Amino acid sequence: CFSNCKILEEIDLTGFTISSAPSMNGMFSGCTLLTTIKGLNTLNTSSVTNMATMFNGVGCTTLDVSSFNTSNVTLMGNMFSNCEKLTHITCGNNFTLGKVTNMYGMFDLTRNLDDETMNSILHIMTTTTSSYTGNKKLTAIGFSTSYYPASRIQALSNYQEFIDAGWTIS
């Protein structure tokens, strides 16, 4: 939709309708100057099945996807990849991974996420991926041990539940 728009710095999605769109694949991919996405939480994502590369390379420092309903999403590969400035993602109760079959590289080269975001991601992975058959390693979904060392992951409060659910660091 806005993919590779190299001059887009800010967008307001309030009133933007995607209620029957099955794909948000690459929606903002390559929008490297995009730092503000207003109205992101006004989008009805309940019919979406593909969010792969949706935010790939955006320049945002924070993303609020707390109203996203991802219950039908199967593809999230590289969803937040190459977001070098991204430090915080807010996810809500409907941000689930229950039907996701591909998360490969979901956070590849996203190297500055804060501990609150990391803890939230571990919790989501633990509580909503019981049927996930893909590679259950943090490195497979893009968390490089160079940026997210084992000691940091092990210090997170949701680490043990993450391990108990069959996930590993590398």
Side-chain angles (χ1 to χ4, degrees), residues 1 13-14 16-29 37-58 60-83 86-110 112-144 148 152-154 156-170:
C1 188
L13 299 174
T14 306
F16 195 78
T17 304
I18 60 155
S19 59
S20 60
S23 179
M24 295 174 87
N25 182 16
M27 188 170 184
F28 301 105
S29 182
I37 306 173
K38 294 178 183 174
L40 191 57
N41 278 324
T42 64
L43 301 178
N44 178 353
T45 60
S46 61
S47 297
V48 177
T49 59
N50 185 348
M51 289 186 172
T53 68
M54 183 175 178
F55 298 106
N56 177 43
V58 298
C60 297
T61 57
T62 63
L63 285 171
D64 185 347
V65 294
S66 59
S67 72
F68 275 27
N69 178 341
T70 60
S71 61
N72 289 310
V73 177
T74 58
L75 303 173
M76 286 187 171
N78 296 102
M79 184 175 179
F80 301 102
S81 64
N82 297 307
C83 295
L86 187 61
T87 59
H88 188 78
I89 303 170
T90 304
C91 300
N93 292 335
N94 290 322
F95 194 96
T96 64
L97 306 171
K99 290 186 179 178
V100 175
T101 58
N102 183 343
M103 289 190 281
Y104 188 78
M106 188 174 179
F107 298 96
D108 202 23
L109 298 176
T110 301
N112 294 305
L113 293 177
D114 60 29
D115 285 351
E116 181 183 351
T117 298
M118 290 299 297
N119 212 32
S120 176
I121 290 166
L122 291 187
H123 180 70
I124 290 167
M125 290 167 59
T126 300
T127 59
T128 68
T129 61
S130 59
S131 61
Y132 181 68
T133 59
N135 190 331
K136 285 188 159 188
K137 294 180 181 182
L138 280 183
T139 52
I141 62 170
F143 287 117
S144 165
Y148 301 97
R152 179 177 174 203
I153 302 300
Q154 292 165 342
L156 296 171
S157 62
N158 286 329
Y159 174 72
Q160 190 58 52
E161 106 181 308
F162 168 79
I163 294 301
D164 291 346
W167 285 84
T168 61
I169 295 174
S170 60

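When a residue number appears, it is its place in the shown sequence, counting from 1. Below, each value reflects all heavy atoms present in this structure, side chains not excepted, and no hydrogens, waters or symmetry copies. Being a predicted model, the structure only gives us computed values, none of them experimental.
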Please examine the side chains of I121 and F107, heavy atoms only from C-beta on, and report whether any two atoms are closer than 4.5 Å. yes
In the structure I gave you, are the side-chain heavy atoms of F16 and L43 within less than 4.5 Å of one another anywhere? yes
With side chain to side chain donor-acceptor pair (under 3.5 Å) as the criterion, how do T45 and N69 come out once you've worked through the C-alpha distance, each side chain's angles and the decisive distance to 0.1 Å? CA-CA 5 Å; T45 60; N69 178 341; 5.6 Å; no
Side chain to side chain, N158 and M118, heavy atoms closer than 4.5 Å: no
For residues I124 and F95, report the shortest heavy-atom separation together with the two atoms involved. CG2-O, 3.6 Å
What's the separation between atom CZ in F55 and atom SG in C60, rounded to the nearest 0.5 Å? 8.0 Å
Check the surroundings of atom CG in N93: do more than 12 heavy atoms from other residues, nucleotides or ligands lie under 6.0 Å from it? no
When you measure from the side chain of T117 to the backbone N and O of I89, does any donor-acceptor pair fall under 3.5 Å? yes
Is it the case that the side chain of Y148 and the backbone of N112 share a donor-acceptor pair, with hydrogens and angles ignored and the cut-off at 3.5 Å? yes
The single option from M76, M79, M125, K136 passing side-chain contact (heavy atoms from CB on, under 4.5 Å) against I141: M125
Got a donor-acceptor contact below 3.5 angstrom from the T74 side chain to the K99 backbone? no
Could you tell me if the side chain of L97 sits less than 4.5 Å from the side chain of Y132, heavy atoms only? no
May I ask you to decide if P22's main-chain N or O and S47's side chain share a donor-acceptor pair within less than 3.5 Å? no
From the list T110, N56, D108, side-chain hydrogen bond (donor to acceptor under 3.5 Å, both in side chains) partner of S81 resolves to N56
Between the CG atom in L156 and the CD atom in E161, the distance rounded to the nearest 0.5 Å is 11.0 Å
Closest contact, heavy atoms only, L40 versus F68: O-CE1, 3.5 Å
Just by modelled atom types, is the T96 backbone N or O under 3.5 Å from a matching donor or acceptor in the T128 side chain? no
With sequence neighbours left out, write down each residue that passes side chain to side chain donor-acceptor pair (under 3.5 Å) with T14, or none if nothing qualifies. D12
When every non-hydrogen atom of L86 is compared with those of H88, the smallest separation belongs to CD1-O, 3.6 Å
Any donor and acceptor pair, going by atom type alone, linking the side chain of D64 with main-chain N or O of N41 inside 3.5 Å? no
Could you pull out the closest heavy-atom pair between S120 and C91, with the gap in Å? OG-CB, 4.4 Å
In N25, V73, N72, the residue satisfying side-chain contact (heavy atoms from CB on, under 4.5 Å) with N50 is N25
Within a strict 4.5 Å, meaning less than it, do heavy atoms of the L138 and I153 side chains meet? yes
F80 CZ to M103 CE distance, which is reported to the nearest 0.5 Å: 12.0 Å
Looking only at non-hydrogen atoms, find the nearest pair between F162 and I169 and report the distance. CE2-N, 4.4 Å
To check you understand the geometry: which heavy-atom pair defines the closest contact between I37 and L63, and what is its length? CD1-CD2, 4.0 Å
